Amino acid sequence: MSHDNKRRKWKKYRKGILAALPFVTPGLLLVCIFVLYPMLFTFRIAFSDYQIVKREITWIGLDNFINVLTAKNNSFWYAFRNNFLYAFITTPCIIFLGMFFAYLINNLNKGKTIFKIGFYLPVITSWVIVGLVFQYLFNSSNRGLINYVIVDVLHLSKNYIPWLLREWSGNTAIWIMGIWKNTGWAMLIYTAALQGISKDLYEAASLDGATSWQRFIGIVIPMVKPTTYFVLVNMVIGSFNVFIQVMLLTAGKPNGTTSVLQYLLYDKAFKQFKFGEASAIGLMTAITIIIVTVILNRGLKLDTVDKEETV
Amino acid sequence: MSKKITKLLSMFLTMLLILTSLVGCGKKDTSEENATGNNDTSTNNTSTNSTTTNDTTTNDTATNEKEQITLTYWYTYGDGEEAQFKNVVLPMWEKEHPNIKIDPVRQDSSQYHQMIVTAFGTGQTPDVARIDIVNTASYANQGGLVALNNFDGFDTSKAEFLDGPLSTNLYKGSYYGLPLDTNCKAAVVNMNTLASIGLNQVPATLEEFITAAEKSTTPLISVSGVGDWDFYPYFWLFGGTLTDPEFKKASGYLDSQASINAINKLVELNQKKILTIKEVDGTADAWDGIKTGEYAMFFEGPWFFGSYEENLAQGIQAAQIPTYNGRSASVVGGENIVMFTTSKHQDAAYEFLKFMTSEEVQLAMLDVGQLPVLKSLVTNEKVTSNPVWSVYMKQLETASARIPSPNHDEISAVWSNAMTNIFINKADVKSELQSAAAQIDELLAQ
């Protein structure tokens, strides 16, 4: 009986697969060609000496990884550190600002759309254009707007700051650009989440005499927690894909101390023809992202499941 | 029943979609095949070995006579140069070679190297390209360029080129390109600023300039950064050396007492605010600062002088780099013209290379500031009578090449890392130069 049952189940399963196959195949083929194959190829290159023109791939084991990790100028470790710093610094700022602006916009009686568009505009503006604007903002000497304001208008400092030419000021510019560019996205997600909060809660709070700020802390923040997790995971993973800001603003200067993993990868592959080392960096980035995501999921899932079960 | 028909229909349509897309992907350009003819199969297998290249080229010529072929030519000319190339040079070529069409493709200069690397990966490199001299060895090392030694008449035409630019094509005993245009850095001087420190003409020596500059409270010489192209001229000027003359060893040269003294002098000038480095001090850009009169002098290529009359009206002129301890120094720049191994028409491509380096084309491109690479044109009246070109051609006599190596990018990074450590992080000059020399030794040995 159970054997029959199994067979029937298998038949049904097979039928389902056969029915779905024609619809799935085109997508699957494309994924195989453009995602899986390059991914497997990257694995191979990471353990090989790859000569791009001659198409020679010679197995060299872990040499690429060792070269990257033990490079004399610690370029990998600086880039690795900067990716984590970017995640730790920009993510909380984006989450808080996104939530805060969404709450403010949500409370407006008029002009909601204008503000939404205003905050969302940086998201849809080209990275290159934004990069150039930030280059002008953070330009050295009195040619940069920020330097001009700090030194010539507000007289906060006597000397012009070479923003993009020093380790920490360069990193700060990269972070600021990331925050400015992504806050609008978080704001939009939070605006949607705020629609889901019952008005009764606000009314009850108002009756109890809660101020706007108290309502924000007491109602908004706890109620949009699932959205916060979503934004958090997205932003943290996105932090490991930072590239354009670095390329346009600092190019890793000085001495790779403002570089990030993706920029280092680009530099190794497209400037030095070291595709093996670049692939090794790519693999290590992927592994880091997987570990970070697993940790985040573990930590956050427990939290949400508990809440849902107890509510 | 109707369900089955729908299912079958959807399956059929999907298969059709897959098939059509695959057919689309696999379709070959038949027109190109026709154009190249049977000869292609042999040229396709061309390796970097130039002997095989030559065997196939005879057939190629036979094909050339009959059929129309197209050569793709990549370059990064500016607007003026491109217009001159398309309107003056190309018609000259078309008149001489009606059966060989040139497909000119202008690429973005900032990502040109990356573009070529990507093209290497996809096998889509052009037939011919104008590339930066420093990348020649690196592309040759990858096996992407065709050695020209065995092409007909190469040995005789080789002698016509200036030695410096020609040497940048030499890699492991073979020439992988021809010099196309050359340049170097010379001094760009703002005479008004110079007058403000009491100098009424461009000083012949740097010692004279430094003495006068010490009176000024703002920096008078500006350099963009500490990278090789910008900073080598200063390093050489103050007596530093990078490697042995054969570019095989940096230890004993880069970390020699003379090199240490040169860097120490530069540090001193930087601290005294006579020399400012934009990337270190965050000061104004030299192009901008020389026009506003903030700086008295900086070193730049001939492209600074777009319109000499306009510059002259602002008091800005070209001059030889003043000597220090009796010697001047500069760095050689410029472009080579190379042929890629993927080219199916190597003989035609070589014809084009020869054409681009011929006297008439070199003179035509000189009109838009591309300095010639032929010995015969150094004393040409067009060069000697021009106030800018004459200065640069003269300066070339004291200009040196950057280290020619397939690891040029890494060597350049080692140099700028060391300089950044010295100028920004105030690291010890001697130990930084010793460490850099050891790293460059390793890269040169590879």
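Keep in mind the model is a prediction, meaning the values are calculated, not measured. Chain letters run A, B, ... following the sequence lines, proteins first, then strands; residues in each count from 1.
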What part of [X] gets within 4.5 angstrom of chain A, counting heavy atoms only: side chain, backbone, both, or neither?
X: B:Thr122; value: backbone
X: B:Ser416; value: backbone
X: B:Asn141; value: backbone
X: B:Asn417; value: both

Exercise. Looking at B:Thr118, B:Asp281, B:Val280, which has the largest count of heavy-atom pairs under 4.5 Å with chain A?
Worked result: B:Val280
What pair of heavy atoms forms the shortest contact from [X] to [Y], and how long is it?
X: A:Arg55; Y: B:Phe120; result: NH2-O, 3.2 Å
X: B:Thr420; Y: A:Pro254; result: CG2-CB, 3.5 Å
X: B:Gly282; Y: A:Pro162; result: CA-CB, 3.8 Å
X: A:Val53; Y: B:Thr341; result: CG1-OG1, 4.4 Å

For this session: Side-chain contact test, heavy atoms from C-beta onward, threshold under 4.5 Å: evaluate it for A:Lys271 versus B:Glu410 and give yes or no.
Result: no
Exercise. Does some side-chain heavy atom of B:Gln111 sit less than 4.5 Å from a side-chain heavy atom of A:Phe270?
Worked result: no
For this session: Mark yes when over 12 heavy atoms from residues, nucleotides or ligands other than A:Tyr148 sit less than 6.0 Å from its OH; otherwise mark no.
Result: no
For this session: Taking atom CZ of A:Phe41 as the centre, report whether more than 12 heavy atoms of other residues, nucleotides or ligands fall under 6.0 Å from it.
Result: yes
Exercise. Which one, A:Lys253, A:Lys274, A:Glu167, A:Arg166, leads in non-hydrogen pairs under 4.5 Å with chain B?
Worked result: A:Arg166
Seminar exercise, completed: Greatest number of non-hydrogen atom pairs under 4.5 angstrom with chain B, of A:Glu56, A:Gln51, A:Lys72, falls to A:Lys72
Problem set entry | Point-to-point distance, once rounded to the nearest 0.5 Å, from CG of A:Asn139 to CG of B:Asp285 | 8.5 Å
Seminar exercise, completed: One should read off an interatomic distance between A:Phe273 CZ and B:Asp409 CG, to the nearest 0.5 angstrom, of 9.0 Å
Problem set entry | Intermediate values then yes/no, salt bridge (Lys or Arg N to Asp or Glu O under 4.0 Å), A:Arg143 and B:Asp288 | CA-CA 10 Å; A:Arg143 267 68 169 181; B:Asp288 196 11; 2.8 Å; yes
